[in-house]
> 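A single structure is presented below for examination.
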Amino acid sequence: MQYFIANWKQNFSLKEAQEWFSRFAPPSTKDQIIVATSHIHLGSITPSPQLSLAAQFVSPYDNGAHTGQIGAQQLRGLVDYCLVGHSETRKDLQETDQLVAQKVRLLQKANITPIVCLDLPYLESQIRVLLLELLEIKNLIFAYEPLSAIGTGQSESPQRANEIAFKITTLAHNRSLPILYGGSVDPFNVTDYLSQEYISGVLVGSASLDPEEFAKIIKPS
Ligand code: PGA
């Protein structure tokens, strides 16, 4: 199974999101298509049966006195997946390795699959902290997203991305975890990533904002 994830980031009003879905016509596939939207879209958009939704943010706390937060239990039933540890949330929202690990635990408790983003400066420390928090790393997806490739058009070489994906499975002591690549993926380079042994999908930012462009990234199966 391969994963094709659109990361819309902070884009689209509710109306624009509805328009995106009305124009999105993916090829028929048995693979998993996921759209990571802002919280304001959740509950108002009904994606097609072929498609799952992801949140881009979750609180590191259980429900309670945490003004401004949205917790895993609140997202339950609205999304099947949630991004955590993206380099932008690490920077903008001070998401640390420890907070990422807490979020992963709470998401898994709510039956939501975490998509944990990693880059080299914190790849080893993040996996170590996850192992301490969870004891065993399973029921999650990793995405290798080198900062130099995000939104720059300078994608990482597929061979290098494959080496890092192998390193992640080794450090996590779990060869069956899906490892994705993200960073300037487009319809022209996507096949080079998907043909790598340890890469099972892509996380797409800029190219996912255009529904026709994102549909071209998805391979029919
Ligand atoms: P990009 O973003 O495709 O625009 O490089 C990827 C991401 O940040 O998830």
Side-chain angles (χ1 to χ4, degrees), residues 2-12 16-17 20 24 26 31-39 41-42 51-58 79-97 99-100 103-104 107 112-123 126 140-162 164-165 168 177-196 198-219:
Q2 294 190 319
Y3 294 84
F4 297 91
I5 307 182
N7 178 10
W8 283 358
K9 309 191 178 184
Q10 189 188 320
N11 286 292
F12 299 151
E16 287 163 339
W20 189 100
F24 181 55
D31 291 324
Q32 181 71 73
I33 306 172
I34 302 168
V35 180
T37 72
S38 298
H39 291 135
H41 302 129
L42 299 174
L51 208 142
S52 293
L53 292 178
Q56 298 176 14
F57 177 80
V58 67
V79 297
D80 295 318
Y81 299 88
C82 182
L83 297 178
V84 271
H86 191 284
S87 54
E88 287 154 14
T89 46
R90 285 179 195 261
K91 178 168 158 278
D92 297 341
L93 298 167
Q94 289 77 45
E95 230 180 9
T96 60
D97 291 345
L99 288 179
V100 167
K103 290 174 183 206
V104 167
L107 287 166
I112 297 171
T113 305
I115 302 165
V116 182
C117 302
L118 295 172
D119 189 9
L120 286 178
Y122 43 81
L123 190 148
Q126 181 64 81
L140 61 76
I141 296 171
F142 280 121
Y144 168 51
E145 293 224 312
L147 189 59
S148 60
I150 295 179
T152 59
Q154 308 289 315
S155 55
E156 178 80 280
S157 92
Q159 294 72 20
R160 176 77 178 140
N162 191 48
I164 306 295
I168 294 171
L177 291 172
I179 315 286
L180 318 185
Y181 168 75
S184 297
V185 173
D186 62 31
F188 305 102
N189 63 20
V190 61
T191 318
D192 298 336
Y193 294 102
L194 297 179
S195 58
Q196 300 297 320
Y198 296 103
I199 296 181
S200 350
V202 285
L203 180 49
V204 187
S206 322
S208 75
L209 297 180
D210 178 333
E212 281 84 27
E213 195 82 348
F214 185 54
K216 281 191 217 148
I217 287 174
I218 297 159
K219 299 290 148 226

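Numbering starts at 1 and runs along the sequence shown. Just so you know, ligand 1 is whichever comes first in the structure, and atom 1 is the first atom listed for that ligand.
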> In ligand 1, which numbered atoms sit nearer than 4.0 Å to a non-hydrogen atom of H86?
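Result: 7 (C), 8 (O), 9 (O).
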> Could you tell me whether the side chain of Q56 and the main chain of K9 form a donor-acceptor pair under 3.5 Å?
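Side chain of Q56 to backbone of K9, a donor-acceptor pair under 3.5 Å: yes, one is there.
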> Say whether, by atom type as modelled, one donor and one acceptor occur between the side chain of N7 and the main chain of G205 under 3.5 angstrom.
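Judged by distance alone, no pair lies under 3.5 Å.
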> Counting from 1, what ligand 1 atoms have a heavy atom of G205 closer than 4.0 Å?
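Here the atoms of ligand 1 in question are 1 (P), 2 (O), 3 (O), 4 (O), 6 (C).
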> Answer yes or no: is there a donor N or O on one side and an acceptor on the other, between the side chain of E95 and the main chain of G85, under 3.5 Å?
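Answer holds: yes.
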> Pick one of side chain, backbone, both or neither for how I150 approaches ligand 1, counting any non-hydrogen atom pair under 4.0 Å.
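The part of I150 near ligand 1 is both the backbone and the side chain.
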> Any N or O on G183 sitting closer than 3.5 Å to an N or O of ligand 1?
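No - when backbone and side-chain N and O of G183 are compared with those of ligand 1, no distance drops under 3.5 Å.
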> Where the side chain of N189 meets the backbone of S184, is there a donor-acceptor pair that is under 3.5 Å apart?
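Between the backbone of S184 and the side chain of N189 there is a qualifying donor-acceptor contact (under 3.5 Å).
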> May I ask you to decide if F57's main-chain N or O and H39's side chain share a donor-acceptor pair within less than 3.5 Å?
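Such a contact is found between H39 side chain and F57 backbone.
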> In terms of atom number and element, which parts of ligand 1 are under 4.0 angstrom from non-hydrogen atoms of E145?
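Under 4.0 Å from E145, ligand 1 has these atoms: 6 (C), 7 (C), 8 (O), 9 (O).
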> For E88 and ligand 1, does the shortest N/O to N/O distance drop below 3.5 Å?
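No; the residue has no nitrogen or oxygen that sits under 3.5 Å from a nitrogen or oxygen of the ligand.
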> Give a yes or no answer on whether the side chain of D119 reaches the backbone of P121 with a donor-acceptor pair at less than 3.5 Å.
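Checked: no pair found.
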> Say you draw a straight line from CD1 of I115 to CD1 of I141; how long is it, rounded to the nearest 0.5 Å?
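So the CD1 of I115 and the CD1 of I141 are separated by 5.0 Å.
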> Could you establish whether G182 and ligand 1 come within less than 4.0 Å of each other, counting only heavy atoms on the residue side?
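Under 4.0 Å: no for G182.
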> Under 4.0 Å from a heavy atom of L203: give me the atoms of ligand 1 that qualify, with their elements.
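Answer for ligand 1: 9 (O).
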> Between ligand 1 and G151, can you find any atom pair, the residue atom being a heavy atom, that is separated by under 4.0 Å?
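Within the 4.0 Å threshold, so yes.
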> Please classify the A149 to ligand 1 contact at 4.0 Å (heavy-atom distances, strictly less than): side chain, backbone, both or neither.
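Just the backbone.
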> Taking distance alone, with no angle check, do T152 and ligand 1 share an N/O pair under 3.5 Å?
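No - when backbone and side-chain N and O of T152 are compared with those of ligand 1, no distance drops under 3.5 Å.
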> Number the atoms of ligand 1 from 1 as they appear, then name those within less than 4.0 Å of a heavy atom of S206, with their elements.
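This gives 1 (P), 3 (O), 4 (O) as the contact atoms.
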> Would a distance-only check, ignoring hydrogens and angles, find a side-chain to backbone donor-acceptor pair under 3.5 Å from Y181 to G183?
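Checked: pair present.
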